[in-house]
Amino acid sequence: MLMCKRWLVCSLKGQYRSLSFSASRRSVMTAWVIDKYGKNEVLRFTKNAALPIIHYPNEVIVKVHAASVNPLDISMRGGYGAATMAMKRDPLNINQSGSEFPLVLGRDVSGEIMECGLDVNYFKPGDQVWAAIPPWKQGSLAEFVALSANEVSHKPKSLRHVEAASIPYVAATAWSVIVNTGGLNKDNSSKKRVLILGGSGGVGTLAIQMVKAWGAHVTVTCSQNAERLVRDLGADDVVDYTAGPVEKQLQTLQKLVLGDQFDLILDNIGGETEKWALDLLKPWNGAKYVTLVTPFLHNTDRLGLADGMMQSGVTIGCKVLKHLRKGVHYRWGFFAPSGPTLDEISEMVDAGKVRPVVEEVFSFAQVPQAFQKVEQGHARGKTVVSIVEDQKE
Ligand SMILES: NC(=O)C1=CN([C@@H]2O[C@H](COP(=O)(O)OP(=O)(O)OC[C@H]3O[C@@H](n4cnc5c(N)ncnc54)[C@H](OP(=O)(O)O)[C@@H]3O)[C@@H](O)[C@H]2O)C=CC1
């Protein structure tokens, strides 16, 4: 359904091609890369990173104005997901080394289209765009990035690049778990009760705003000093997880205030939470618990692709069946890159229903400090990297 708008516009607009970028092409660009997995010391600034080129006719090259750092970048810096990503990365074996290095991290981009492949009709050079970059592709902590056009979307007109870069990855993740896995959308969320475990970080601050805009009643767990932030974003009830056992506080809230159980729980925390959280769902009513903290990539890193996927299949299968017997649905949620999803988010932003929550902006020279910041945890929204000096549209 989301793709329809794009097809319509494509057929109306006709074809656009690359303009001046190809002609004035350099072969190298500046970037932060890693040449091996490890801690922050592996981050290396270079002026000689290979400039991305278009390999497929549906690809575009985007000049990066701003990027952001997510917890995934910290994990990928340490080798998380390497086995699975290697399967998808460099499908043409362009660098002929079979190696993923030098690897550029950064999953969010806000910037400008420089060049379009021959099949790209929806974008043209000069368009202001944003995107969430799949983990198996080279990232956005660089001057340019190559993406498939269906991963890219026109950025909200009301946002500057540094604001826009805070949204795509967490928005695409929140949309994937709430809409695709959780089954809620703008037409069926009114008066639904949603619990967001861990509401103060990147995904949480976006998820609160989305379900609130669709009319849901939103309960959030976070630490005490994040209460004002999450209430400003739309949380109706806030539980301070540092003030005592969070499950007891939520049970009391359900009995005394809500008078009902939850239709959807989004778990950004993982670990012990799934031992008690599913008891807070309405049974036999299609209610779902979706966790973003899954062992999927850890399994493939540890056991290899085939055995890791088999192990994940057994684990999720057992959990789904165990909870189905109690009348509730257990699910794993994943980030899903999608331009059409970002088109929807862009409209919500320009309509004032979703706003960026930028905690700190670092310069391109300060990328290692941005990683340190994210690694320390306790996020209150997003950590952004400004790559081209930002200009108000
Ligand atoms: N499976 C997938 O495809 C994806 C998975 N993820 C995962 O989802 C999780 C959330 O991502 P993201 O929002 O970007 O992470 P962030 O680091 O931005 O946010 C985490 C937030 O949780 C808060 N927090 C920590 N412990 C608790 C707790 N026990 N209860 C309530 N709040 C808590 C932190 O603040 P404080 O400590 O101060 O309370 C922080 O604000 C991460 O584990 C990430 O790796 C994210 C995207 C995609």
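Numbering of ligands and ligand atoms starts at 1, following listing order.
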Numbered atoms of ligand 1 (with element) below 4.0 Å of [X], judged on heavy atoms:
X    : answer
Y169 : 47 (C), 48 (C)
T221 : 31 (C)
G333 : 1 (N), 2 (C)
S223 : 36 (P), 38 (O), 39 (O)

Starting from [atom], find the nearest protein heavy-atom neighbour and note its residue, name and distance.
atom                    : value
atom 43 (O) of ligand 1 : V293 CG2, 3.8 Å
atom 8 (O) of ligand 1  : L292 CB, 3.6 Å
atom 20 (C) of ligand 1 : G201 CA, 4.1 Å
atom 3 (O) of ligand 1  : F335 N, 2.8 Å
atom 18 (O) of ligand 1 : G202 N, 2.9 Å
atom 31 (C) of ligand 1 : Y241 CD2, 3.2 Å

Which residue from V203, N268, T383 reaches closest to atom 11 (O) of ligand 1 through any of its heavy atoms?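 Result: the heavy atom closest to atom 11 (O) of ligand 1 is in V203.
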
Select the closest option to atom 38 (O) of ligand 1 among Q376, H378, Q224, judged by heavy-atom distance.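 Checking each option, the heavy atom nearest atom 38 (O) of ligand 1 is found in H378.
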
Would you please determine whether I269 falls within less than 4.0 Å of ligand 1 on a heavy-atom basis? yes

Measuring from non-hydrogen atoms of P71 to any atom of ligand 1, is the shortest distance under 4.0 Å?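 Yes, P71 has heavy atoms under 4.0 Å from ligand 1.
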
As a quick check of understanding, evaluate ring pair (Phe, Tyr, Trp, His ring centres under 6.0 Å) for F362 and F371, giving each step before the final call. CA-CA 10 Å; F362 291 85; F371 272 71; over 10 Å; no

Hey, does [X] come in under 3.5 Å of ligand 1, counting only N/O atoms on both sides?
X    : value
A379 : yes
V170 : no
S200 : yes

Hphob cluster co-occupancy, V170 + W332, side-chain heavy atoms under 4.5 angstrom: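 Yes, V170 and W332 fall within the same hydrophobic cluster.
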
Taking non-hydrogen atoms only, is R380 closer than 4.0 angstrom to ligand 1 via side chain, backbone, both or neither?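 Just the side chain.
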
Under 4.0 Å, heavy atoms only, figure out whether ligand 1 is touched by the backbone of T173, its side chain, both or neither.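 Side chain only.
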
Carefully, step by step, assess F262 and Y289 under the rule ring pair (Phe, Tyr, Trp, His ring centres under 6.0 Å). CA-CA 9 Å; F262 294 105; Y289 163 92; over 10 Å; no

To the nearest 0.5 Å, what is the distance between CG on D35 and CG on L103?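 Nearest 0.5 Å value for the CG-CG distance: 9.5 Å.
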
Output for pair (H65 NE2, K155 NZ), nearest 0.5 Å, gives 9.5 Å

Does one side chain, of [X] or [Y], offer a donor that lies under 3.5 Å from an acceptor on the other?
X    : Y    : result
T341 : E344 : no
E247 : Y241 : no
T242 : D240 : yes
N150 : N58  : no

Counting C-beta onward and ignoring hydrogens, is there a side-chain heavy-atom pair between K212 and K353 closer than 4.5 Å? no

Distance-minimising heavy-atom pair for V64 and V388: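 Between these two residues, the closest heavy atoms are O-CG2, 3.5 Å.
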
Parallel, tilted or perpendicular for W175 and W214, by the 30°/60° rule? perpendicular

